[in-house]
Amino acid sequence: MMKKTLPIDGKFQLLELPYGLGELDPVISEKTLEFHYGKHLAAYVNNLNAAVAGTEWEGRALEDIVVSAAEGGIFNNAGQILNHNLYFGQFRPPCDESEPAGELAQAIAKQFGEFEDFMDLFEKAGASLFGSGWVWLSTDDKGRLEIMQCRNADNPLRHGQTPLLTMDVWEHAYYLDYQNRRPDHLKALWQLIDWNVINQRYLDRR
Ligand SMILES: [Fe+2]
């Protein structure tokens with residue numbers, strides 16, 4: 001089962017990054033991280049904490065809110081926190097290397113063929129998503145993989161899937177570094193993916 005994120009002393013906390021703000025450069029600059037993590041994600045956390053106070057969602061796990069809340073401010077902020085936690089939590093500096101392994105590597109090969117073909121399909125799904133949203137690699141509980149386009153704050157959990165890997169295609173994710181060149185940004189992001197994290201998310205799906 002995917003681990004649940006509970007509020008601490010009644011408040012959801014800003015994710016602690018497993019790397020320094022300058023360590024993803026030049027794929028993601030320190031300046032982009034300062035805004036994307038330090039301003040956008042922090043605002044979603046503050047907004048959600050304020051919005052759930054006194055509602056049926058107070059004290060509930062983030063993942064439960066994402067699965068069950070109606071469309072609206074509480075869902076939007078909860079979705080954006082979970083999406084960004086999965087996004088920022090899957091990176092490591094570009095000099096380190098890892099690759100899909102074990103069961104996940106076999107599932108990717110079975111479903112998409114060559115790893116390069118999978119990357120190409122994933123990038124195309126991200127590039128062709130109109131407006132703001134997220135492209136995901138997700139799995140069902142049998143381990144069958146899917147590339148999924150989600151709009152705005154949506155997450156595969158809302159569709160009965162477990163999220164594994166994601167790329168944020170909101171303009172705030174890349175505009176300072178890549179301006180309108182979303183496809184170039186998506187192609188570069190592979191350099192940052194910590195496949196040890198993704199492999200583990202796949203094993204934890206059950
Ligand atoms: Fe974002």
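For ligands, and for the atoms within them, numbers begin at 1 and follow the listed sequence. From a predicted model like this one, the values you see are computed outputs, not experimental measurements.
- In this structure, His36 and Phe88 have perpendicular ring planes: the angle between them is above 60°, well past the 30° mark.
- Listed by chain and residue number, nothing satisfies the side-chain hydrogen bond (donor to acceptor under 3.5 Å, both in side chains) test with Tyr202 (two or more places apart in sequence, or in another chain).
- The tally of protein N/O/S atoms under 2.8 Å from the Fe ion (ligand 1) stands at 4.
- Nearest heavy-atom pair across Trp134 and Val169 is N-CG2, 4.1 Å.
- No more than 12 heavy atoms of other residues, nucleotides or ligands sit less than 6.0 Å from atom CZ of Arg144.
- The aromatic rings of Phe115 and Trp195 lie perpendicular to each other, with more than 60° between the two planes, well past the 30° mark.
- The environment of CD in Glu99 is sparse: at most 12 heavy-atom neighbours from other residues, nucleotides or ligands sit within 6.0 Å.
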